[in-house]
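By convention in this document, chain letters (A, B, ...) are assigned in the order of the sequence lines, proteins followed by strands, and residues within each chain are numbered from 1.
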Protein chains: 2
Amino acid sequence: MNMPDPTPPDPAKPAAPSDAVAQALSLAIHRHRIAPGTKLGEDELAEIYGVSRTVIRAALQSLAHLRLVDIRRNRGAFVAQPSRQEAREVFEARELLEPRTARSAAAHAKPADIARLKRHIADEHAALAAADNGRAVHLSGLFHVEIARIAGQGTIAGFVETLIARSSLIVALYWHRESALCERHAHDALLRAIEQGDGPRAEDLMRSHLVDLHSALDLSHRSAPARSLKEALET
Amino acid sequence: MNMPDPTPPDPAKPAAPSDAVAQALSLAIHRHRIAPGTKLGEDELAEIYGVSRTVIRAALQSLAHLRLVDIRRNRGAFVAQPSRQEAREVFEARELLEPRTARSAAAHAKPADIARLKRHIADEHAALAAADNGRAVHLSGLFHVEIARIAGQGTIAGFVETLIARSSLIVALYWHRESALCERHAHDALLRAIEQGDGPRAEDLMRSHLVDLHSALDLSHRSAPARSLKEALET
DNA sequence: GCGCACAAGGTTGTATACAATCCTGCGGCT
DNA sequence: AGCCGCAGGATTGTATACAACCTTGTGCGC
């Protein structure tokens, strides 16, 4: 007699349309297909995705909670533009949380987890080779989220997820350095440490990786955002 | 010539109805006026607050993002019932974040902040004296949020806020020990350390305070939830 | 020419109506 | 008796209609 699983698999449950829209928008933002500051009109989105404004509003509210979009009452929703102060805060928070999750991930990682991380890194390399910068940034973020997930701390993983979502915007606004090579080696090294179960090393690598990223941001001037929307979303 | 404040006071801006509803519900949950597991029917709430279901749905979605309520597709919204595993995670996360914020708060606290904290503690004592346990738990949580705010790390403060919201549910479900006196002294001592700008001491006090709280939880059996709703909300 | 008041258009906020799904209770079958 | 299947009612999900607000452009007055 075993207790029933409180959350059974439910494999064939149709996902909510609002979640689908939110994920589509989220992806577009993460891949830098929509610039920070872009207005997300409700009618426009409703037309694009073929659903009613009700669904669009739910999706936008969801993204607003992740701080990916900024909803101003009676004004509309805009892709968020984190300030320099917010950018600092986000990276400080990451530097506080992620080294810990990396250590924990090294302790808990199962072979399947390692395999997934390896696939991620392969995808990253492919995106870099194709010079698809938006996709590379997106995958790089997913790598961090995956590590937090493996750490078995769902709560903290959720926080990391929102931090990385915002990091994507921050990179879009303030990234300066050209080479993303540092990332590549950093992620490789992290994976090795986790694979070997070397927690302290994973923690150190994560910390220095984040410091690298943080220092690669240019907080003195802001790049130009804003462009059309429908164009950015189709295909 | 001074830069305009990016977020001006806006004193006379009418708050969104959905936010008002969300806050009212949040308060009721925090004060343990609605038990975990209670169903929150949309029509019922719409009637109670005199708004349409549209507004209620927005409020519920907002609370769902804070993990205060659990929305199951086509089933409805229920006050969340964190599992023991989630309870552990929440307190582990708090033990990671809050000591840091306490130290930072000690470094940044201004006289006005100290005064606000003192008022909070006075309110707490009053609630305890009136044997209003729900209110005492709520105020105790606000004290922690206030400290995170003072630390000047809005991002982390936001995380702490959600963690404390969930802590309130966890306390409702798993609290065992009778005396809340520990809290009282702990908060007093924390305030003194912050007032004196003694960061390391504030950090230590916060850590041990959280460990105390964590160890006061009973993770072996769950208390009985569920009761009516309208009754719990009126007055 | 510059600035302000006001109207028109457009977008968001809210309410309501309809559709889809789930839960409950009853009836029949094994 | 116990279990399965099936309506009926109720609740949630989605779409649409209306109201409130903001934005923009025009024209008058200074």
Side-chain angles (χ1 to χ4, degrees), chain A residues 4 6-25 34 37-65 68-80 226 228-230 233, chain B residues 4 6-25 34 37-65 68-80 225-230 233:
Chain A
T7 52
D10 260 323
K13 184 190 286 181
S18 75
D19 287 349
V21 171
Q23 192 158 348
L25 275 173
I34 316 179
T38 306
K39 165 144 193 182
L40 303 170
E42 297 183 356
D43 275 322
E44 195 175 8
L45 292 171
E47 176 114 11
I48 292 172
Y49 290 109
V51 294
S52 82
R53 276 181 51 220
T54 308
V55 173
I56 298 296
R57 283 178 72 82
L60 289 176
Q61 284 194 355
S62 182
L63 295 178
H65 279 286
L68 265 168
V69 312
D70 190 24
I71 295 181
R72 266 122 65 177
R73 185 171 172 83
N74 288 323
R75 301 273 177 83
F78 302 80
V79 178
S228 147
L229 169 60
K230 189 167 182 176
L233 280 177
Chain B
T7 51
D10 260 322
K13 183 191 284 181
S18 75
D19 287 348
V21 171
Q23 192 158 348
L25 276 173
I34 317 178
T38 306
K39 165 145 195 180
L40 302 171
E42 297 182 358
D43 275 322
E44 195 174 8
L45 293 172
E47 175 114 10
I48 292 172
Y49 290 109
V51 295
S52 81
R53 277 180 51 218
T54 309
V55 174
I56 298 296
R57 283 178 72 82
L60 289 175
Q61 285 193 358
S62 183
L63 295 178
H65 279 288
L68 264 167
V69 312
D70 190 24
I71 295 182
R72 265 121 66 177
R73 186 172 171 82
N74 289 322
R75 300 273 177 84
F78 302 81
V79 178
R227 73 180 189 190
S228 147
L229 168 61
K230 190 167 184 178
L233 280 177

Report the residues that fulfil side-chain contact (heavy atoms from CB on, under 4.5 Å) with Ala20(B), sequence neighbours left out, ordered by chain and then residue number. none
In short, salt bridge (charged side-chain N to carboxylate O under 4.0 Å, His left out) pairs touching residues 15-24 of chain B with sequence neighbours left out are none
Any non-hydrogen side-chain atom of Leu45(A) less than 4.5 Å from a side-chain atom of Val21(A)? no
Closest non-hydrogen atom pair, Phe78(A) against Gly37(A): CD2-O, 3.7 Å
May I have the distance from Glu44(B) (atom CD) to dT12(D) (atom C1'), rounded to whole angstrom? 14 Å
Give every donor-acceptor pair under 3.5 Å between a side-chain atom in residues 51-60 of chain A and any protein atom, sequence neighbours left out.
| unit_1 | atom_1 | unit_2 | atom_2 | d |
| --- | --- | --- | --- | --- |
| Ser52(A) | OG | Thr54(A) | N | 3.2 |
| Ser52(A) | OG | Thr54(A) | OG1 | 3.4 |
| Arg53(A) | NE | Glu42(A) | OE1 | 2.9 |
| Arg53(A) | NH2 | Glu42(A) | OE1 | 3.0 |
| Arg57(A) | NH1 | Glu42(A) | OE1 | 3.4 |
| Arg57(A) | NH1 | Glu42(A) | OE2 | 2.8 |

On DNA chain C, reading 5' to 3', which nucleotide is the first and which the last to sit with an atom under 4.0 Å from a heavy atom of chain A, could you check? dT11(C) to dT14(C)
Between the protein and nucleotides 6-11 of chain D, list every N/O to N/O distance that falls short of 3.5 Å.
none

Would you call Gln61(B) and Ser62(A) a side-chain contact if the rule is heavy atoms closer than 4.5 Å? no
Would you kindly give the CD-to-P distance between Gln61(A) and dG13(D), to the nearest whole Å? 14 Å
Looking only at heavy atoms, which two atoms of Ala22(B) and Leu63(B) are closest? And how far apart? O-CD2, 3.8 Å
